[in-house]
2 protein chains.
Amino acid sequence: MRFSRQRDIVLNVLQRTESHPTAEWIFDQVKREIPSISLGTVYRNLNQLADGGIIQRIFDNGHVRYDGKMDQHDHFRCIRCQQIFDVHLRLEDITKNIPQDYGFKVTGYALEIRGECHQCQTKETEQ
Amino acid sequence: MRFSRQRDIVLNVLQRTESHPTAEWIFDQVKREIPSISLGTVYRNLNQLADGGIIQRIFDNGHVRYDGKMDQHDHFRCIRCQQIFDVHLRLEDITKNIPQDYGFKVTGYALEIRGECHQCQTKETEQ
DNA sequence: ATATTAACTAGGAATAATTCCTAGTTAGTT
DNA sequence: AACTAACTAGGAATTATTCCTAGTTAATAT
Ligand SMILES: [Mn+2]
Ligand SMILES: [Mn+2]
Ligand SMILES: [Zn+2]
Ligand SMILES: [Zn+2]
């Protein structure tokens with residue numbers, strides 16, 4: 001993988017945010033530094049970075065989002081505002097019985113917890 | 001929600017399979033009974049059934065699939081053949097600390113385990 | 001049984017997300 | 001400096017899904 005200004009800025013934009021943005025959002029951010037960048041370039045770089053294990057793809061309601069954090073963590077999605085938050089659980093043992101029970105070899109997992117974020121719970125009681 | 005032959009067959013096709021099919025696969029199956037059914041009708045009915053809590057949507061690598069089983073269960077996806085299998089884990093406590101740790105109200109979760117299914121592990125050693 | 005009508009249908013057009021294509025450019029190597 | 005594989009912008013193509021419209025029908029009321 002070769003260094004390019006486009007790839008570098010795509011990666012930095014993603015690594016600087018706490019959110020889990022779409023390709024389109026990343027595109028808008030990168031355009032502020034490289035106005036001529038194309039959406040295809042953003043998609044290509046995101047795919048290369050994800051395939052290279054430098055970023056993660058996360059799948060939210062059938063839409064692809066990206067995550068610059070590569071430490072093992074889980075996600076909480078608010079069913080009202082749709083925001084995605086990181087949560088850190090200690091679930092190393094979660095799949096320990098799968099190999100003997102099912103014969104599957106486990107290489108990873110993704111846990112998405114759903115519910116209402118603090119902000120949306122507060123809004124509800126105000127109304 | 002009104003009864004229609006189209007909806008009934010869409011639902012029955014989905015409830016009869018162990019797989020987690022796409023709308024397109026369900027469309028092909030239903031066509032064997034109603035050759036004139038349109039793909040739009042399949043999508044509309046799947047959405048209505050999912051919104052009505054009669055079936056589930058599951059999200060696989062950014063693609064939407066459907067699941068006719070509504071009992072709480074988790075999924076294992078083979079990273080080689082991409083098949084999705086049901087796994088039944090007892091994880092009721094998995095999110096019990098989320099409310100105090102993060103202030104989030106939890107209403108559900110989805111766990112996808114990744115790895116290699118039995119068949120694909122066997123194929124590997126044969127080659 | 002007949003009338004009524006809101007919810008449905010088929011078929012096809014529209015939309016949206018993502019990938020593909022092409023000709024020109026550039027980062028890294030020699 | 002020359003080389004070239006990997007890159008880029010821009011736009012076309014593809015794919016999954018939704019939307020639109022005119023006609024049909026399941027469920028209810030008379
Ligand atoms: Mn994250
Ligand atoms: Mn299932
Ligand atoms: Zn929220
Ligand atoms: Zn497999």
Side-chain angles (χ1 to χ4, degrees), chain A residues 1-14 17 19-68 77 82-84 112, chain B residues 1-14 17 19-68 77 82-84 112:
Chain A
M1 219 193 305
R2 222 171 61 177
F3 172 91
S4 78
R5 181 153 176 253
Q6 286 83 351
R7 173 165 309 144
D8 188 49
I9 295 176
V10 165
L11 179 58
N12 285 343
V13 162
L14 181 58
T17 183
S19 76
H20 298 84
T22 60
E24 193 76 33
W25 185 90
I26 295 166
F27 175 55
D28 288 340
Q29 299 299 307
V30 176
K31 263 200 294 203
R32 288 153 44 153
E33 288 199 59
I34 311 178
S36 65
I37 196 168
S38 73
L39 184 55
T41 295
V42 172
Y43 271 108
R44 183 169 14 82
N45 278 305
L46 289 169
N47 281 336
Q48 288 176 143
L49 291 165
D51 291 346
I54 297 163
I55 65 171
Q56 306 186 54
R57 292 186 187 89
I58 64 177
F59 301 103
D60 171 48
N61 278 325
H63 293 256
V64 181
R65 293 179 169 272
Y66 298 89
D67 190 338
R77 184 164 56 81
Q82 302 297 319
Q83 276 186 273
I84 295 173
E112 184 196 272
Chain B
M1 220 193 305
R2 222 171 61 177
F3 173 92
S4 78
R5 183 156 174 251
Q6 286 82 350
R7 173 165 310 144
D8 188 49
I9 295 176
V10 165
L11 179 59
N12 285 342
V13 162
L14 181 58
T17 182
S19 75
H20 298 84
T22 61
E24 192 77 33
W25 185 91
I26 295 166
F27 176 55
D28 288 340
Q29 299 299 306
V30 177
K31 262 199 296 204
R32 289 153 43 154
E33 287 199 60
I34 312 177
S36 65
I37 196 168
S38 72
L39 184 54
T41 295
V42 172
Y43 272 107
R44 183 170 13 82
N45 278 306
L46 288 169
N47 282 336
Q48 287 177 144
L49 291 165
D51 292 346
I54 297 162
I55 65 172
Q56 308 186 51
R57 292 186 187 89
I58 64 177
F59 301 103
D60 171 48
N61 277 324
H63 293 256
V64 180
R65 293 179 169 272
Y66 299 89
D67 190 339
R77 184 166 56 82
Q82 302 297 319
Q83 275 187 275
I84 295 173
E112 183 196 273

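Within every chain, numbering begins at 1; the chains are lettered A, B, ... in the order of the sequence lines, protein sequences first and strands thereafter. Please read all numbers here as calculations on a predicted model, not as lab measurements.
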Kindly indicate, with the supporting measurements, whether the criterion side chain to side chain contact (heavy atoms under 4.5 Å, CB included) is fulfilled by A/Tyr43 and A/Ile26.
CA-CA 9 Å; A/Tyr43 271 108; A/Ile26 295 166; over 6 Å; no

Does A/Gln48 place a side-chain N or O at less than 4.0 Å from the phosphate oxygens OP1/OP2 of D/dC7?
yes

Euclidean distance, atom CE of residue A/Met1 to atom P of C/dG28 [Å, nearest integer]
12 Å

Closest non-hydrogen atom pair between A/Ala23 and A/Val42, with its separation
O-CG1, 3.8 Å

Taking D/dT8, C/dT26, C/dC8 as options, the one with an atom nearest any side-chain atom of A/Ser4 is D/dT8

Whole-Å distance between D/dC7 C1' and A/Leu49 CG?
13 Å

Could you tell me the separation between the NE2 atom of B/His20 and the CD1 atom of B/Ile58, rounded to the nearest 0.5 Å?
4.5 Å

If you assign each of B/Arg2 and B/Val42 to its closest nucleotide in DNA chain C, which residue comes earlier from the 5' end?
B/Arg2

Starting at CG of A/Leu46 and ending at C1' of C/dT18, how long is that distance when rounded to a whole Å?
12 Å

With a 4.0 Å limit, can you tell me whether A/Asn45 has a side-chain N or O closer than that to the phosphate oxygens OP1/OP2 of D/dT8?
yes

Nearest heavy-atom approach of B/Val13 to B/Gln29 is CG1-CB, 3.7 Å

Go along nucleotides 15-23 of chain D 5' to 3' and tag each nucleotide: B for a protein heavy atom under 4.0 Å from its base, S when only backbone or sugar atoms are that close, - otherwise.
-SBB-----

With rounding to the nearest 0.5 Å, note down the distance linking CG in B/Leu39 to NZ in B/Lys31.
8.5 Å

Short side-chain N/O contact to D/dA9 OP1/OP2 from A/Gln6, under 4.0 Å
yes

Kindly compute the distance separating CZ (A/Arg7) from CZ (A/Arg44), expressed to the nearest 0.5 Å.
8.0 Å

The reported gap from CZ in A/Arg65 to CG in A/Asp60 (rounded to nearest 0.5 angstrom) is 5.0 Å

Side chain to side chain donor-acceptor pair (under 3.5 Å) filter on B/Gln82, not counting sequence neighbours, yields B/Asn61, B/Arg77

Between D/dC7 (P) and A/Asp8 (CG): distance, integer Å:
14 Å

Selection: residues 26-38 of chain B, any non-hydrogen atom under 4.0 Å of DNA chain C:
B/Ser36, B/Ile37, B/Ser38

For the atom pair CG (B/Leu46) and CG (B/Leu14), what is the distance rounded to the nearest 0.5 Å?
7.0 Å

